[in-house]
Amino acid sequence: MDRRRFLAVSALTLGVIVGSAGAGGDRRAWGQESGDGETVEVKTAYGRLRGRRRADLVTFKGIPYAGPVSGGNRFKAPPPLAPWTGARDAFRPGPPSFQPNRPSFGVDEPFPSEDCLVLNIWTPAADQRKRPVMFYNHGGGFVIGSGSTWYQDGSNLAREQDVVVVANNHRLGLLGHLFLADLAGEEYASSGNQGILDIAAALEWVHENIEAFGGDPGNVMVFGESGGGAKTSCIYALPSAKDHFHKASIESGPGVHMTPRDMATETARMVLGELGLSVGEVARLRDVPPEKLVEVQGAVAKKAPGNLTLNGGRKGMVVARPGGFGPVVDGTYLPNHPFDPTAPSISRDKPLMVGTNKDEMAFFYFERKAADLFSLTEGGLQTQLAKDFGASSEKILATYRNRRPAASPSDLYIAITTARAMWLGSIEIAERKLQQHRAPVYMYLFTHESNLVVPGTKHRLGAAHATEIWHKFDNVDLPNPKNAPGPPLIGDDPGRKQSARNMSEMWATFARNGHPGAKGQPTWPAYTLDRRSTMLIDAACRVEDDPFGQERALWDSLG
C-alpha cells in the first residue's frame, strides 16, 4: 500500500477506528457537582451568564452557542441562538451529542441530547484583558466524544499560561453528517456538514462574546487531536469559519481528504433502506427518535466490512465504502478536500502546527486487546507485513530495519503502521501548506513514552495515540475520576511533568504569537523542504531535521 493510499485511509477511516474506543459507564457518577467558589456574572450578546471562580480560575460550562437542532432543524445548519432574560447558570457541563454506547468521557454531564450545541470556558479572569484564545475540538473520530472529556480539562492550561480555553460539543455520527441534499433538495443543502457547521457557529459565538471572558477575539487558535485534528483540518478549509480564527494545530488526525459527495449520498440511501423509507419520505427522518438513528448508524456501518475500496480515478487513491459518517466535500459548504489538491487558500495567512505521536498505533492495538501484536516474533512480523502490504513488505521491512537496528519486531510493526495511519498525512499537510509561500507551518513529533505496560505483555505503551493530550493540557497529575473508563494511558514516570510543561507552554506560545516555543527548550524553526525541521517533544526537547528521512523516502518511492 503506497503513501497516497495511506493518506486517504487515514482521513476516511479515522472515525471508524477511534469510534470503537471506551464504550460504557454511567457518566452521572463521574465526579460531583461542587457548590463552592465565588459566583461571577458576565454579559454576553444573548444574556447574562453566571460562572464560578475558584482561586485563580473562572469557569463557565454548558453555555449554549446556537439554537435547537432537533425536530425541524435536524440535519440542517445550526440556527441562531435566542436571547434570554435574567442570569443563566453556567456551573455544569451541557449534554454531549448522541453517540454509540454513550462513551463521551465527560465528567458530571447530563445524558446525551440532540440539542448538544454547548461550550465550556476556562479563564484566569473575566476582566476583558484580551488573552489568547485556545479553541479545542474534541477527539473520538466523528462519532464519539465530548468537550467535557475529563483529561482535556482546560483549567491548568488557562491558569498556568494565562490563556482562555474553550471546548465545544457538536453533532456527531449520523446526526452530524447524514448527507441528504442530492436526495431531498435545497432544504437539506447544508446536510452532511452540520457537525462542522456547529463548530463554525461556536467560533462565531466566541468571536462575538469572548472579550467579556478575558479573551481576544482577534487572536483565536483552533486545535484538536485525532478526530479533533480532522475537524480542525475541515475548519481550516471551511469558508464560513475563516474570519473567526487566526491559527490552527492539527494533531494526530491529519484530515487530508473527507467523504466524496456521491459516496455520502449512497450512505444516505442505506440509512433510508434500514428504516424502510423511500427517497420521497426523507422528511419522516425528523420523527425518528435519535436513539434509533444511532442504532441505524451502527447497522449501516456493519454493512461495509473493511470499509476500504480502490477508486479507479486518481493513482493509488483509496476511499471509504458507503456506510461511514464524516464531513462531506459537497462543493459548497466544504468546497474541496481540506488538503487535496492544495492547502485551503482561505487560510493561507494563518500559521499552522501539525504533527503526530511516535507510536500512534500502539493505542489502537492496546484498545483492541491485540496482545499478539505487542509480542511479535520475526516470522510473525514478516507474515503480518505480507498480509498488510503484499509485494512491498520486504522493501518496507528492510528500510525500517536499517534505520532502527535495535527495534523489536513489535516496535517495527508499530512504526510502520503509524506511518500509514498518521505520520504521512501530517507531512502531506505540511508540504501543501508550504506551497502557499505565506504563513509558516511547524512540524512536531511527540516522543515522550508512557511506561504503562500493556497487559499480558512486556511491552510498554510508548508515545501512543492520545497520550499527548494529558501533556498539552498539563494534566499529567490529574487522577482518573471515579468510574471513568480505562487506566491512565500516560503511566507514572517522573519525566512526564517536564514534558507536560514543555508541550503546554509551546502550544500556548503558538496561540499567543504564532511561533511555538518554551523556556529552556530549543528554538522551534518553521518547516521547510530543504531541512524539514521537526520538534521532538519530551522532557528534554530537541529539533531534528527530516526525522525518519529514509522511511519518508521509501513511502515516496512507493507512491
Sub-3.5 Å donor-acceptor pair from the side chain of [X] to the main-chain atoms of [Y], do we have one?
X    : Y    : value
R261 : V329 : no
D359 : A464 : no
N120 : V166 : no
Q297 : E295 : no
K350 : F245 : yes
S190 : K76  : no
S410 : L376 : yes
T418 : I414 : yes
R269 : L183 : no
E114 : S70  : no

Within a strict 4.5 Å, meaning less than it, do heavy atoms of the [X] and [Y] side chains meet?
X    : Y    : value
L203 : Y65  : no
P96  : P112 : yes
F339 : E428 : no
H459 : S375 : no
M443 : I427 : yes
V294 : P100 : yes
L554 : Y400 : yes
L285 : L275 : yes

Answer yes if the ring centres of Y444 and W507 are under 6.0 angstrom apart, and no otherwise.
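Yes; W507 has its ring centre under 6.0 Å from that of Y444.
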
Is the F325 to H177 ring centre distance short of 6.0 Å?
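Not close enough - the centres of the two rings lie 6.0 Å or further apart.
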
Begin with the C-alpha distance, continue with both residues' side-chain angles, and end with the deciding distance and a verdict on side-chain contact (heavy atoms from CB on, under 4.5 Å) for N137 and V222.
CA-CA 8 Å; N137 295 318; V222 179; 3.4 Å; yes

In Å and rounded to the nearest 0.5 Å, what is the [atom1] to [atom2] distance from [X] to [Y]?
X    : Y    : atom1 : atom2 : answer
I199 : H244 : CD1   : NE2   : 15.0 Å
Q99  : F142 : CD    : CZ    : 14.5 Å
S191 : Y333 : OG    : OH    : 9.0 Å
L397 : I416 : CG    : CD1   : 6.0 Å
M422 : E360 : CE    : CD    : 5.0 Å
I429 : I250 : CD1   : CD1   : 4.5 Å

Assess whether side-chain contact (heavy atoms from CB on, under 4.5 Å) is satisfied between R74 and Y188, documenting all intermediate values.
CA-CA 10 Å; R74 182 181 279 180; Y188 294 95; over 6 Å; no

Look at the aromatic rings of F446 and H471 and report parallel, tilted or perpendicular, splitting at 30° and 60°.
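The rings of F446 and H471 stand perpendicular, inter-plane angle above 60°.
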
Please give me the minimum heavy-atom distance between [X] and [Y], naming the atom from each residue.
X    : Y    : result
L197 : P78  : O-CG, 3.7 Å
D198 : H170 : CB-CB, 3.7 Å
A421 : M361 : CB-SD, 3.6 Å
A248 : T232 : CB-CG2, 4.0 Å
V220 : F135 : CG1-CB, 4.2 Å
S252 : E468 : OG-OE1, 4.4 Å

Taking 4.0 angstrom as the limit, do E251 and K472 come out as a salt bridge?
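Result for this pair is yes, salt bridge flagged.
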
Applying side chain to side chain donor-acceptor pair (under 3.5 Å), run through T417 and Y365 and close with a yes or a no.
CA-CA 11 Å; T417 53; Y365 306 145; 2.9 Å; yes

Would one find more than 12 heavy atoms of other residues, nucleotides or ligands at under 6.0 Å from atom CZ of R284?
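Open: at most 12 neighbouring heavy atoms sit under 6.0 Å from CZ of R284.
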
Apply the test side-chain contact (heavy atoms from CB on, under 4.5 Å) to residues Y413 and L373: give CA-CA distance (whole Å), side-chain angles for both, the deciding distance (0.1 Å), then the verdict.
CA-CA 8 Å; Y413 188 70; L373 296 180; 4.1 Å; yes

Given side-chain contact (heavy atoms from CB on, under 4.5 Å), test W205 with I63 step by step and report yes or no.
CA-CA 10 Å; W205 187 96; I63 304 169; 3.6 Å; yes

Identify which one of K433, K242, K231, K247 satisfies the side chain to side chain donor-acceptor pair (under 3.5 Å) criterion when paired with Y236.
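Filter result, single survivor: K433.
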
Could you go step by step and tell me if N169 and H138 meet the side chain to side chain donor-acceptor pair (under 3.5 Å) rule?
CA-CA 8 Å; N169 284 352; H138 70 75; 4.6 Å; no

